[in-house]
Amino acid sequence: MNDMRIMERKVDTKEVKIAAKDVQVYYGDNHAIKDVSVEIEDKTVTAFIGPSGCGKSTFLRCINRMNDTIDICRVTGDIMIDGEDIYNPKVDPVQLRAKVGMVFQKPNPFPKSIYDNVAYGPKIHGLAKNKADLDNIVENSLRRGAIWDEVKDRLHAPGTGLSGGQQQRLCIARAIATEPEVLLMDEPCSALDPIATAQVEELIDDLRKSYSVVIVTHSMQQAARVSQKTAFFHLGHLVEYGETTTIFTNPVDPRTESYITGRIG
Amino acid sequence: MPFTWLVLILITIATVGFITGRNRALRSAGGDSRDLHSLPVYYGSNVAMWAIVPAAIVLIIWMLAQPFFVNSRVLGTLPDTMVSEGSSIGLVMSDVRRVADGLDTAVEQAAMTREEAASISTETSDVRELLGEVGVALGSNVSPEVLQGAQLYRALNATSSTIMTVVVLLIALGGAAYSYSRSNAQFRARNTVERGILALLIAAASVAILTTIGILFALLFNTIEFFKLYPAADFFFGTNWAPSFSGRGGASDLGVLPLLWGTFYISFIALLVAVPIGLFSAIYLSEYAGPKVRGIAKPLIEILAGIPTIVYGLFALLTVGPLLASMIGKDTLGWMQGGTAVMTAGLVMGIMLIPFVSSLSDDIINAVPQAMRDGSYGLGATKSETIRQVILPAALPGIVGAILLAASRAIGETMIVVLGAGAAARLSLNPFEAMTTITAKIVSQLTGDADFASPEALVAFALGMTLFVLTLGLNVFALYIVRKYREQYD
């Protein structure tokens with residue numbers, strides 16, 4: 001049965017969405033990411049796994065240039081999205097982030113109503129022609145965030161009043177509302193209970209139909225459950241990258257095997 | 001025995017108690033401090049505490065009570081006729097005290113002996129001349145009753161002081177002996193000292209609170225006194241402020257409204273200046289400025305808060321006022337008659353308030369979690385969009401609190417008004433006219449030579465009370481808002 005699914009996934013492979021080549025990241029004098037080259041496919045869930053401090057979150061934040069907001073952070077190398085270098089001086093990081101959405105480790109709804117949380121992105125990017133259009137975007141995003149049924153009667157209640165799992169799905173809906181092409185998720189389930197985690201994972205699997213999803217996770221079970229491709233980071237290096245099933249059943253690098261079997265980490 | 005000696009002896013008892021108590025505890029443990037319940041220093045501190053604290057409390061209470069007791073005893077001996085021929089009982093008592101002080105001085109300078117001072121009488125010698133010789137000038141001849149009163153006053157004070165010294169020393173020794181006897185290995189000295197420290201902290205807090213209550217009551221009683229002399233309705237609803245210092249009572253108009261209006265108008269202009277500048281500089285410093293700029297600019301702005309307000313007053317009087325007058329005064333637009341105006345004081349006060357608004361807002365903006373910024377940037381928002389739509393709404397309650405605190409400073413400000421806004425109490429909408437505030441008028445009512453019991457002077461307390469209620473209300477409101485805000489993110 002499992003083998004059957006692997007075959008199916010192999011057929012699914014799509015064109016390359018994000019291509020990183022020789023990426024180096026420095027925090028001050030600390031060399032956090034070393035020579036990372038990776039090709040992330042479209043309409044695929046790619047998981048980054050590795051022990052704490054291995055650089056997986058840092059690399060994720062390079063993809064939408066969130067590291068720009070940290071003064072001491074310096075990035076070299078090329079990261080291409082759809083063949084365009086995102087670190088080209090001509091690229092506006094603000095526009096880039098609208099195209100590359102991000103969901104954070106801790107749910108961070110704005111202290112606004114649920115409706116305003118989702119409408120925030122479309123409003124600042126002028127995606128809605130009128131109020132009805134905006135209502136539509138909000139409803140669709142909340143539906144795709146799998147939270148519509150829970151909040152449709154209280155759209156104007158504050159987003160901070162929801163439970164942790166609901167808040168995280170609201171944040172995902174908020175990220176979807178700007179119609180990104182890539183969705184980056186930085187340990188989106190680490191602050192959630194198992195039930196909320198299951199809901200979010202289901203949602204991630206669903207999002208794969210339209211987006212390229214990159215997820216950083218500490219849970220190897222989660223990576224195995226939701227991703228098609230897995231990258232293992234260790235001490236700033238990308239150790240191994242490949243099909244999730246291959247990584248988990250038949251890793252090439254001894255370090256990957258040690259991590260997966262729980263000997264390092 | 002002089003007071004200083006008493007204190008020195010108390011300290012000596014405490015020091016000796018400390019050393020002996022510590023040693024006794026150590027001896028009881030056979031010299032091994034590990035067998036003690038507490039560290040040796042706690043046993044010493046315990047003895048010192050018992051020696052000094054009860055004695056000091058009794059000393060303070062005694063010194064507070066002694067003048068009341070002596071005064072009432074002396075007053076009891078003065079015949080009623082004395083009071084009716086003088087203007088008031090207080091005047092007679094102050095005569096008594098003066099003569100008593102004079103006798104003290106005379107004894108000190110060896111012009112008479114202790115016994116002479118106690119037995120001297122108006123029949124045998126001229127007390128006024130005698131005291132004049134030692135440098136104590138008296139306004140009139142000393143009556144026999146006053147002299148006897150003074151002698152009784154001295155005698156009572158002397159006796160009381162002697163008893164006090166003995167009682168205090170006994171209590172100190174008793175306390176030291178009691179706690180010394182308890183200094184053994186099993187005694188939990190550490191816990192006792194801990195309770196003593198708790199009591200000390202509570203006492204410190206109580207001093208602040210009791211002082212506030214005391215000030216409030218002083219204001220309250222004098223305000224009531226004022227309202228006995230002047231109708232409250234005229235004070236609260238009167239639109240004319242015209243105190244007369246020559247006449248008494250009804251000749252003055254003491255309506256608070258023009259002053260209240262001046263206070264609000266000047267504060268309003270000050271906030272109009274301070275809030276945008278302060279808020280924008282806070283946003284720049286917390287969101288845009290790099291650590292280097294921030295490290296230099298923030299202290300520089302906070303220097304503004306350290307400038308004494310009288311200096312701002314000078315700035316208003318000598319720089320801003322003439323500058324405004326030359327810009328829009330008689331020669332150009334003709335809006336301003338002189339340099340002193342609501343606008344002058346308001347502008348300068350606004351500059352004074354900038355650091356309050358900016359430094360508080362800066363802290364509040366920094367307290368907005370980084371996750372909010374990340375979330376907004378992650379959606380492709382620019383910096384100013386993030387600030388306008390996410391950070392400021394999140395920080396708004398705190399910023400409102402900061403503004404209200406600045407407003408209560410503005411309402412209480414005096415020197416800038418005195419020098420910058422003029423002294424005319426006026427109900428006018430024109431910001432280029434001279435006006436005045438409650439605080440400035442309190443100063444001018446009390447620095448005149450009015451009789452202190454007249455409504456013209458007592459009105460200062462009613463004004464002070466009004467101001468107190470206003471700023472207290474604003475502060476409570478501001479704290480309420482700030483606290484409500486804090487609950488959101490902790």
Side-chain angles (χ1 to χ4, degrees), chain A residues 57 60-61 63-72 92-113 116-127 141 158-161 167-168 170-180 183-186 191, chain B residues 279 283-298 361-402 480-490:
Chain A
S57 285
L60 189 80
R61 289 166 65 93
I63 300 175
N64 68 346
R65 292 185 62 176
M66 276 301 275
N67 285 331
D68 289 15
T69 59
I70 300 168
D71 290 327
I72 55 164
D92 176 8
V94 171
Q95 286 301 318
L96 173 74
R97 288 182 203 133
K99 212 166 90 170
V100 184
M102 187 155 193
V103 175
F104 296 85
Q105 180 170 6
K106 231 181 110 204
N108 57 349
F110 302 135
K112 298 167 175 282
S113 71
D116 286 336
N117 260 286
V118 181
Y120 181 77
K123 266 187 191 164
I124 56 176
H125 297 296
L127 298 181
S141 307
T160 43
Q167 286 189 11
Q168 193 62 300
L170 175 65
C171 291
I172 295 173
R174 188 176 70 184
I176 295 169
T178 54
E179 294 173 17
L183 202 54
L184 307 177
M185 297 182 151
D186 191 357
Chain B
L279 196 55
I283 290 173
Y284 171 72
L285 285 181
S286 60
E287 296 293 317
Y288 289 89
K292 264 189 202 158
V293 177
R294 191 182 151 86
I296 297 169
K298 201 167 150 79
S361 305
D362 185 47
D363 293 345
I364 290 156
I365 290 172
N366 274 329
V368 174
Q370 181 62 29
M372 294 290 140
R373 295 181 185 88
D374 283 348
S376 180
Y377 294 146
L379 289 169
T382 62
K383 232 169 188 173
S384 75
E385 282 165 350
T386 303
I387 290 162
R388 226 174 33 241
Q389 303 196 28
V390 176
I391 294 176
L392 284 186
L396 192 65
I399 292 172
V400 171
Y480 165 76
I481 285 181
V482 169
R483 201 164 296 160
K484 201 175 160 198
Y485 162 76
R486 285 214 181 109
E487 285 165 359
Q488 266 192 341
Y489 286 115
D490 279 353

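Here is the naming used below: chain letters follow the sequence lines, and residue numbers restart at 1 for every chain. A quick note: this is a predicted structure, and the numbers were derived from the prediction, not measured.
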Ranking A:Lys112, A:Lys123, A:Lys106, A:Arg97 by heavy-atom pairs under 4.5 Å to chain B gives rank one to A:Arg97
Heavy-atom pair with the smallest gap, counting every atom of B:Ser376 and A:Tyr120: OG-OH, 2.6 Å
Walk me through whether A:Arg61 and B:Asp374 qualify under side chain to side chain contact (heavy atoms under 4.5 Å, CB included). CA-CA 11 Å; A:Arg61 289 166 65 93; B:Asp374 283 348; 4.1 Å; yes
Does the side chain to side chain contact (heavy atoms under 4.5 Å, CB included) test come out yes or no for B:Tyr377 and A:Asp68, once each step is laid out? CA-CA 10 Å; B:Tyr377 294 146; A:Asp68 289 15; over 6 Å; no
Euclidean distance, A:Asp71 CG relative to B:Lys292 NZ, rounded to 0.5 Å: 11.5 Å
With a 4.5 angstrom heavy-atom cut-off, is it the side chain or the backbone of A:Pro180 that approaches chain B, or both, or neither? neither
Sort by residue number and list every member of residues 381-389 of chain B having a non-hydrogen atom under 4.5 Å from chain A. B:Ala381, B:Thr382, B:Glu385, B:Thr386, B:Gln389
Interface moiety of A:Val100 toward chain B, non-hydrogen atoms closer than 4.5 Å: backbone
For A:His125 and B:Gly380, work out which heavy atoms get closest and say how close. CE1-O, 3.0 Å
One option among A:Asp92, A:Asn108, A:Thr69 has the most heavy-atom pairs under 4.5 Å with chain B, and it is A:Asn108
Atom CZ in A:Arg174, atom CG in B:Leu379: separation rounded to 0.5 Å? 5.0 Å
